[in-house]
Protein chains: 2
Amino acid sequence: MTDVSAPRKRAPSKKSLETKARILDAAEDLFSKRGFDGTSIRDIAKQAGAQVALVHHHGGPKEELFHMVVARRAKPLAELRLKALEEKKSAADRDGRNKLTLREILASFVQPFLEMTLSDGAPWPAYGRLIALVSADERWRQIAAECFDPTAAVFVDEIADLLPGASRTALSAAFVFTVSGMLALTASSWRIGAVAREQQQADLAETLLDYSEAGFLRLCEG
Amino acid sequence: MTDVSAPRKRAPSKKSLETKARILDAAEDLFSKRGFDGTSIRDIAKQAGAQVALVHHHGGPKEELFHMVVARRAKPLAELRLKALEEKKSAADRDGRNKLTLREILASFVQPFLEMTLSDGAPWPAYGRLIALVSADERWRQIAAECFDPTAAVFVDEIADLLPGASRTALSAAFVFTVSGMLALTASSWRIGAVAREQQQADLAETLLDYSEAGFLRLCEG
DNA sequence: GTCTATAATGAGATAGAC
DNA sequence: GTCTATCTCATTATAGAC
């Protein structure tokens, strides 16, 4: 999944993998902070402690490096989301319910993302902003389609199954609004802080779920 | 409002103003499509049909040009929003109501924006994407604080007056979520279209208001 | 106010030694 | 796999003629 170019002939050495990881980490951090065009290969090399030519060696052209950085965590993220969904289904079965609640579905999608990007000691602190960039720029449409649309489709189908009376259009709009709110928590939380700064991050996740669930139900029932 | 630099000694000629407007129009269009770092002064000059040096003459350094482009329409937009609010208050008075509904307040904020940026023949078709860029990048925090925060504060106060039981934190979060949805309509409408493309723009405005109103009420009442 | 010309810098990418 | 060195091109910005 991290290799989107031609297949290699040899397995890379351990040191090579470490160097590549350092380069991808630096690229992820800088891309997320300054955007694609605001980040130079030279900046990435400097932060990774490597030479410029080495960044090209591991990352290829700049666009491919960006693609690699986004794709690297897409599969683990998708698995976390689907795992959360399956676990909630098992729990519902044990409770004798045959359907998940809307909130359980939404939480399965939102919480793994916020946990990896926004919680205390989050392992992927820059990845949330990066995804917000990808989602907002039509230039990365292909990357979004490859990395995120399949999982999104699973969740939209799940919701459509729960709310059979809702139009596909209403479902789509509500889902995009929910994702927009989720991304705002990571990419534009400074805008929230500009108005009121008395809240924890964990609370904001619940706040988002409250808001989205109610909005969803209004669109799909009204 | 369009002049954020030192005061001029002379009134500019008519031709100069036209040239400046052409440059700002080109800058607005290109900044909105490719972002700040993805747009060069040369691109702007070419699209405006002017020389590179002339862009610098009218726009100053690149950051100042960006500031100018955003600030140019901020005051008219704020006036449209406040005018919509006042008109709805007058109408409510005539109906013998002494309070606006939440939906009327939200619509006064959202609809002027969508009308200017997203309607058929919208006069500012690029400005919506530009504001989305400003809102998502902490680098433009000062511009956002100057151009948009004052009006936002008026509307948040208005809502706080309507829903006195709600915490300031819940209000702030809900407002940011609502603005995120509004910006998604202009900046990420391709994401909506990727799921279902059977809807008109006018409908999406109503859809957003339905969703936001319900989410707001849940946060403020629950 | 508008133009030509140019300065000064930084960018992405590659060749080739080790 | 990693490094040095370099190619080629685009960038912001300004100086100075008209």
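Naming convention: chains lettered A, B, ... in sequence-line order (proteins, then strands); numbering from 1 in each chain.
Less than 6.0 angstrom separates the ring centroid of A/Y211 from the ring centroid of B/Y211.
Protein atom NZ of B/K62 is 19 Å distant from nucleotide atom P of C/dT9, rounded to whole Å. Distance CD (A/E64) to P (C/dG12): 15 Å, rounded to an integer number of Å. In this structure, the CD1 atom of A/I41 is 16 Å from the C1' atom of D/dT8, given to the nearest Å. Between the CG atom of A/D37 and the C1' atom of D/dT11 there is a distance of 13 Å, rounded to whole Å. To the nearest angstrom, P of D/dA13 lies 11 Å from CD1 of B/I44. Between the CZ atom of B/F36 and the P atom of D/dT11 there is a distance of 14 Å, given to the nearest Å. What separates CD of A/Q51 from C1' of C/dA15 is a distance of 16 Å, to the nearest Å. Atom P of nucleotide D/dG16 and atom NE2 of B/H56 are separated by 17 Å, given to the nearest angstrom.
For the pair B/T19 and C/dT2, the criterion of a side-chain N or O lying under 4.0 Å from OP1 or OP2 is met. Residue A/S13 has no polar side-chain atom (N or O) positioned under 4.0 Å from OP1 or OP2 of D/dG1. Residue B/H58 has a polar side-chain atom (N or O) positioned under 4.0 Å from OP1 or OP2 of C/dT2. Of the side-chain N and O atoms in B/S40, none sit less than 4.0 angstrom from OP1 or OP2 of D/dA10.
Comparing A/A53 and A/D43 along DNA chain C, the residue whose closest nucleotide (by nearest heavy atom) sits nearer the 5' end is A/D43.
Between the side chains of B/T207 and B/D210, no donor-acceptor pair is found at a separation under 3.5 Å.
A salt bridge is absent between A/K83 and A/E86: the closest approach of a Lys/Arg side-chain nitrogen to an acidic carboxylate oxygen does not fall below 4.0 angstrom. For the pair B/R139 and B/D37, the salt-bridge criterion is met [side-chain N within less than 4.0 Å of a carboxylate O].
In this structure, of C/dA13, D/dG1, C/dA15, it is D/dG1 that holds the atom nearest to the side chain of A/P12. Proximity note for A/L54 (side chain, C-beta onward) versus C/dT2, C/dA13, D/dC3: the nearest is D/dC3. When distances run from any side-chain atom of B/K15 to the nucleotides C/dG12, C/dC3, C/dT2, the shortest one goes to C/dT2. Between D/dG1, C/dA13, C/dT2, one nucleotide has an atom nearer to the side chain of A/H57 than all others, and that is D/dG1.
Among A/K33, A/R129, A/R34, A/R73, the one residue that satisfies the salt bridge (charged side-chain N to carboxylate O under 4.0 Å, His left out) test with A/E28 is A/R73.
You'll find a donor-acceptor pair under 3.5 Å spanning the side chain of A/R42 and the base of C/dG12, going by distance alone.
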